[in-house]
Amino acid sequence: MTALKNDRFLRALLKQPVDVTPVWMMRQAGRYLPEYRASRAKAGDFMSLCMNPAFACEVTMQPLDRYPQLDAAILFSDILTIPDAMGQGLYFETGEGPRFKKVISTMADIEALPIPDPHKDLGYVMDAVSTIRRELNGRVPLIGFAGSPWTLATYMVEGGSSKDYRKTKTMLYDNPQALHLLLDKLAQTVTSYLNGQIMAGAQAVQIFDSWGGSLSAAAYQEFSLAYMRKIVSGLIREHEGRKVPVILFTKNGGLWLESIADAGADALGLDWTCDIGSARDRVGSKVALQGNMDPTVLYAKPEAIRTEVGRILASYGKGSGHVFNLGHGITPDVDPEHAGAFLSAVHELSAQYHE
Ligand code: CP3
């Protein structure tokens with residue numbers, strides 16, 4: 001394998017010294033880019049982009065070609081490939097988000113769910129990872145990812161996106177054994193899926209617990225964090241002679257950072273509701289931090305974006321252990337020039353915080 005030309009993202013996750021703070025954006029390949037919309041039109045729809053490794057590679061590279069400032073690439077795929085591989089029949093209704101042909105509601109449904117084999121049932125993702133690694137040719141590291149068991153379970157039980165997770169939370173309180181069985185099957189699947197991605201060439205992995213923050217403090221521990229801890233303990237942590245850092249991102253998990261930092265990961269993703277300097281005081285001796293600019297700042301003018309970047313860098317302070325990112329995914333109507341101003345500001349303003 002070719003040596004990495006830019007490894008500051010991996011170094012920062014392990015709190016090793018860097019020249020400037022590394023940066024990438026969640027959902028960096030997506031609808032705010034006209035070239036992405038063109039590729040999606042050519043492929044036909046979103047799932048065809050995910051399932052064809054050449055297309056997945058093409059759209060993964062688009063933000064890197066437009067923004068040489070990016071310090072990492074992220075596999076183009078979706079967290080919902082797993083429920084699809086479990087037989088739920090994922091589809092996207094234009095403008096309406098994800099849907100499933102089969103919804104899960106009973107213990108019998110959960111008992112019947114198969115545990116997918118990543119190479120057989122999700123081989124298109126493994127092929128996308130190896131295709132992207134080849135195309136990157138050492139430019140920047142490649143991030144693999146999966147959804148957390150709790151976040152995946154909400155989609156599987158609700159049948160799509162939800163405002164209040166009513167069915168999943170009803171199951172949590174009325175039939176916790178059923179939900180635990182589902183989460184256990186998902187934890188096994190996510191572990192082998194991420195290990196498959198690592199063996200195919202992913203150099204760091206992120207677990208997206210997008211909806212963990214909707215739980216009570218006690219339920220978060222039992223129904224989300226416990227399963228992420230189990231996954232982390234089963235992951236391959238070194239490959240090709242390098243550490244493979246693990247990032248846990250619980251959106252709205254700011255109240256529970258100490259316990260998330262104890263789950264065994266190398267880094268925590270932060271949404272914009274926490275102050276990154278206080279988060280560093282609380283957990284910075286254990287883990288690196290990734291985040292955490294409010295993605296709506298990108299609607300503002302470049303000067304305002306730069307001010308906000310400067311504020312976050314100053315709050316984190318001197319030294320390594322910070323990967324700059326947005327606190328959630330970039331939104332479809334952001335002006336691509338504003339995203340470029342954001343990325344440049346991170347590198348320009350962060351040099352003063354590193355030796
Ligand atoms: O970050 C990247 O650039 C990599 C690609 C990526 C996608 N989805 C592509 C995508 C990643 C990492 C995800 C993760 C994902 N998917 C999450 C966790 C992160 C988060 O945002 O909290 C979740 C909850 C999903 C589920 C999902 N996928 C939803 C709810 C939707 C519809 C909403 C929307 O944004 O349209 C998707 C579709 C999706 N996944 C798109 C993209 C680029 C848009 C599809 C399109 O082109 O129309």
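Index from 1, following the sequence. Ligands are counted one by one from 1 in listed order, and the atoms in each one are counted from 1 as well. Keep in mind that the numbers below use all heavy atoms, side chains included, and drop hydrogens, waters and symmetry copies.
- Checked against a 3.5 angstrom limit, the closest N/O atoms of Arg40 and ligand 1 fall inside it.
- Distances from ligand 1 to the non-hydrogen atoms of Thr60 include no value under 4.0 Å.
- The closest approach between Ser77 and ligand 1 falls below 4.0 Å for a heavy atom of the residue.
- In this structure, the protein non-hydrogen atom closest to atom 13 (C) of ligand 1 is Arg27 NE, 3.5 Å.
- Close N/O approach between Asp78 and ligand 1 is found [any backbone or side-chain N/O within under 3.5 Å].
- Contacts between Leu49 and ligand 1 below 4.0 angstrom, taking non-hydrogen atoms only, are absent altogether.
- The residues Asp184 and Lys230 are annotated as salt-bridged, a charged nitrogen and a carboxylate oxygen being separated by less than 4.0 angstrom.
- Under a 4.0 angstrom heavy-atom cut-off, Ala29 registers as being in contact with ligand 1.
- By the criterion of a heavy-atom distance under 4.0 Å, neither the backbone nor the side chain of Lys251 is placed next to ligand 1.
- Atoms of ligand 1 found under 4.0 Å from any heavy atom of Phe208 (numbered from 1 in listed order, with element): 12 (C), 18 (C), 19 (C).
- Between Thr151 and Ile79, the closest heavy-atom pair is CG2-CD1, 3.9 Å.
- Ion pair Glu308/Arg311 flagged as a salt bridge, since at least one NZ, NE, NH1 or NH2 atom sits closer than 4.0 Å to an Asp/Glu carboxylate oxygen.
- Taking the charged nitrogens against the carboxylate oxygens, Asp65 and Arg139 do have a contact shorter than 4.0 Å, which makes a salt bridge.
- Not a single N or O atom of Trp24, backbone or side chain, sits closer than 3.5 Å to an N or O atom of ligand 1.
- When atom types are taken as modelled, the side chain of Lys5 and the backbone of Asn137 share a donor-acceptor pair closer than 3.5 angstrom.
- Between Ser161 and ligand 1, not a single N/O pair is under 3.5 Å apart.
- Contact between Phe249 and ligand 1 is absent, with no heavy atom of the residue lying under 4.0 Å from the ligand.
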